[in-house]
2 protein chains.
Amino acid sequence: MNKHKRVTSYDVAKVAGVSQSAVSRAFQTGRSVSDKTREKVLATANELGYKPNAIARMLITRRSGMVAVISSSRVNLVYPEVLSLLNERLSEKNERVLLFNLDNAAGLDDILEHIWTFQVDGVIALAAHFDHKSINKFKQHQIPVVLYNRRVAGHSASSVCCNHEQGIFELVDILHDFGHKDYLVLAGPDDSDVAQERCELAIKALTDKGINDVPIAYGDFSYQSGRQAFSNYMATHSAPTAVVCSNDTMAIGVIDEARENCGLRVPEDLSVVGFDGVNAVFWHSYQLTTVKQPIEQMTKAAVDILVEQIATPDNPAQLRVWSGALVQGKTVGPATN
Amino acid sequence: MNKHKRVTSYDVAKVAGVSQSAVSRAFQTGRSVSDKTREKVLATANELGYKPNAIARMLITRRSGMVAVISSSRVNLVYPEVLSLLNERLSEKNERVLLFNLDNAAGLDDILEHIWTFQVDGVIALAAHFDHKSINKFKQHQIPVVLYNRRVAGHSASSVCCNHEQGIFELVDILHDFGHKDYLVLAGPDDSDVAQERCELAIKALTDKGINDVPIAYGDFSYQSGRQAFSNYMATHSAPTAVVCSNDTMAIGVIDEARENCGLRVPEDLSVVGFDGVNAVFWHSYQLTTVKQPIEQMTKAAVDILVEQIATPDNPAQLRVWSGALVQGKTVGPATN
DNA sequence: CTTAATAATGACTTCGAATGCAAAGTATAA
DNA sequence: TTATACTTTGCATTCGAAGTCATTATTAAG
């Protein structure tokens, strides 16, 4: 077997009695090699245990076969689901995932440094704290980017989005139809674009219904922060009848806090809606009323667009938007006051 | 700014009036360069927007700065949590995560092919379907591996594990103390080592208590499979009073199925225990009795061991085992029959 | 059986940083 | 001042595959 030194294309060439070029060509499709030579090369390669060195290939082809995915993790159950699908789609396109974790805005610079040096073919950014000001740097470095659920003015980067406006308006419609008048909006961290957008849309939807001055509480998209925020709110205010949460994980936190520590039944005393449609909200004890993002379609499109931009970098940036699917769970009921 | 061509160390060298070697050395610590030269180089590098090309460095140093993490995703909530921590620890050691997803045994060969060609510095394997027979191949390719929750006979690879035996015995102890006699063991997929181990240990623990012929149902570690398995079992058997599940996610599935479709209250009519201690089981509606793995310590150790093996490949493989922490939730009660 | 067109092949160069080695520079000791 | 030790520096080579180009082998056409 192969002892200490790696088997290179030269080794294979020597044994097979051909040139290194022939070996290289044998491992590519659509290259000018006779079947005879290719067979011979592949046979001896197999015999010697030769595997092409991807690093050397990257250097000369200037393609790394890696896509950087900038995700978050700590808090929001939606990230693992999206990451998993992205990984699958990218594998099909023969791209590997180089994973970066961004849980607070401070980490971004470090991640960018690594992205430049690693020569990734492209980037998919889904982290909540991803700062869209850094998008220009990608352009300078000529690295295609696809933003996930984050649109940027002027279309300077492609993005795939769920239509938050439609989704949140539908949720508010339902609450309104049930006669709710006392609302609380539970927003995400204020340095997150998605958080900001969803919060503003909730306020706007409520204003459209003639409901003004809605109080806003803040969390960080995590379960604990949902509980904490609701607990804090209840300590100084009377109970609302409906809570519009900027994501599912916080919504579950609110439900648990309401049931455990506030003596409120959901949905009898309190209606709660979330956003995302993560798997866990469909569990029987919660059955949250929420909007499910079409993450299969969104991740597929994100990868398709990215791969296209890698192949033809001069193609214009594009934006694709999907409607979310309203899921009528069991956390919304008629207003009681 | 930099237009179309990448800035290389030669460009910096020319502008700074030094040799390419000097530039290279300026970017490394502990190299023989005068402070004056280093400053000059770093200044012009900054000016030209030069970033060292990691690919070229990988080729010559034979270190990629990447660790392959083989994870699963579909089903078990424990993976995202572990993955996130691994990523954090590896970043601290200046290693990037190259992510591979293994959701069924068939995908392994493809992943291995990629691991060889990408010249990763090391591998951390946590996927349930990771087949320990492939460990020898890593040795042949001289790539250090750390197994997560998977020990292999003969210590041919390092591993960090949670002491499943202790944990499962403690869980069974509790159930036994509550007087349970009618058990169901819900096992994971039979091509998974962890699944097999936990199942056997549950049976062993029960046998030690004098309880024999315990029925076994099978799932795939997912919520849905937990529901399905319990539903199937109930269709042809009378209800057990206690279910020992091989992971938390399935345990939650069992609880939901019992409550929703079987008219069983948990814990009054049915006691359920899980394993792992994923975040979601602490949510108020579940509060599962389970064993929490010390994933902070385990991931830290996995990374430390791997980094050590990368630095000194001839060091012997090591095994580190932690006890899990019993979490007394609210899903276990006295036996009713 | 030529001639023209096409396919297959190998020699050589390239990608960009790191490093062994020898030469040149600087500091220390006698 | 000279001999010696140590530090800086640049040259040339290396990592391993891929691509360019010129040459040779093969096939098709006339």
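Chain letters run A, B, ... following the sequence lines, proteins first, then strands; residues in each count from 1. Please read these numbers as outputs of a predicted model, since none were measured by experiment.
Ion pairing between a basic and an acidic side chain is recognised when a charged N comes within 4.0 Å of a carboxylate O; Glu95(A) and Arg63(A) show such pairing. A salt bridge between Asp304(B) and Lys93(B) is present, with a side-chain N of the basic residue lying under 4.0 Å from a carboxylate O of the acidic one. Under the 4.0 Å criterion applied to side-chain N and carboxylate O atoms, Glu296(B) and Arg89(B) are not assigned as salt-bridge partners.
Judged by distance alone, the side chains of Asp103(A) and His129(A) never bring a donor and an acceptor atom under 3.5 Å apart. Asn94(B) and Arg96(B) are linked by a side-chain donor-acceptor pair at a separation below 3.5 angstrom, with hydrogens and angles left out of the test.
For Arg57(A) and dG16(D), the CZ to P distance is 14 Å, given to the nearest whole Å. The distance between atom CG of Asn53(B) and atom P of dT14(C), rounded to the nearest whole Å, is 17 Å. Rounded to an integer number of Å, the gap from Lys40(A) NZ to dG10(C) C1' is 13 Å. Per the geometry, CD belonging to Glu39(B) stands 13 Å off P belonging to dT8(D), to the nearest Å. Look at CG on Leu48(A): it is 15 Å from P on dG16(D), rounded to the nearest Å. What separates CD1 of Ile55(A) from P of dG16(D) is a distance of 11 Å, to the nearest Å. For the pair Asp35(A) CG and dA7(C) C1', the interatomic distance rounds to 12 Å; values are reported in whole Å. Rounded to whole Å, atom C1' of dC15(C) lies 14 Å from atom CE of Met58(B).
Within the structure, a side-chain polar atom (N or O) of Arg31(B) is placed less than 4.0 Å from OP1 or OP2 of dT19(C). The side chain of Thr8(A) contributes no N or O atom lying less than 4.0 Å from OP1 or OP2 of dG16(D). For Gln28(B) and dT19(C), the shortest distance from a side-chain N or O to OP1 or OP2 is below 4.0 Å. The phosphate of dA18(D) has OP1 or OP2 within less than 4.0 Å of a side-chain N or O from Ser24(A). Contact check, Ser19(B) against dG10(D): a side-chain N or O comes under 4.0 Å of OP1 or OP2. Under 4.0 angstrom from either OP1 or OP2 of dA7(C) there lies no side-chain N or O belonging to Ser34(A). Distances shown here put a side-chain N or O of Tyr50(A) below 4.0 Å from the OP1 or OP2 atom of dA17(D).
Projected onto DNA chain D by closest heavy-atom contact, Val33(B) and Thr61(A) fall at different nucleotides, the more 5' of which corresponds to Val33(B). The 5' end of DNA chain C is approached more closely, in terms of each residue's nearest nucleotide, by Arg38(A) than by the other of Arg38(A) and Ala22(B).
The residue Val23(A) sits apart from the nucleic acid: no heavy atom pair falls under 4.0 Å.
In this pair, Trp116(B) and His141(B) present their aromatic rings parallel. The plane angle is below 30°, not in the 30 to 60° band.
Counting distance only, with no hydrogens placed and no angle test, the side-chain atoms of Gln20(A) and the base atoms of dA11(C) include no donor-acceptor pair under 3.5 Å. Interface remark: the Ser21(B) side chain does form a donor-acceptor pair with the dT19(C) base, using a distance-only criterion of under 3.5 Å. Taking only distance into account, the side chain of Arg25(B) meets the base of dG10(D) through a donor-acceptor pair shorter than 3.5 Å.
Distances from the side chain of Ala56(A) to the nucleotides dA17(C), dA17(D), dT14(C) place dA17(D) closest.
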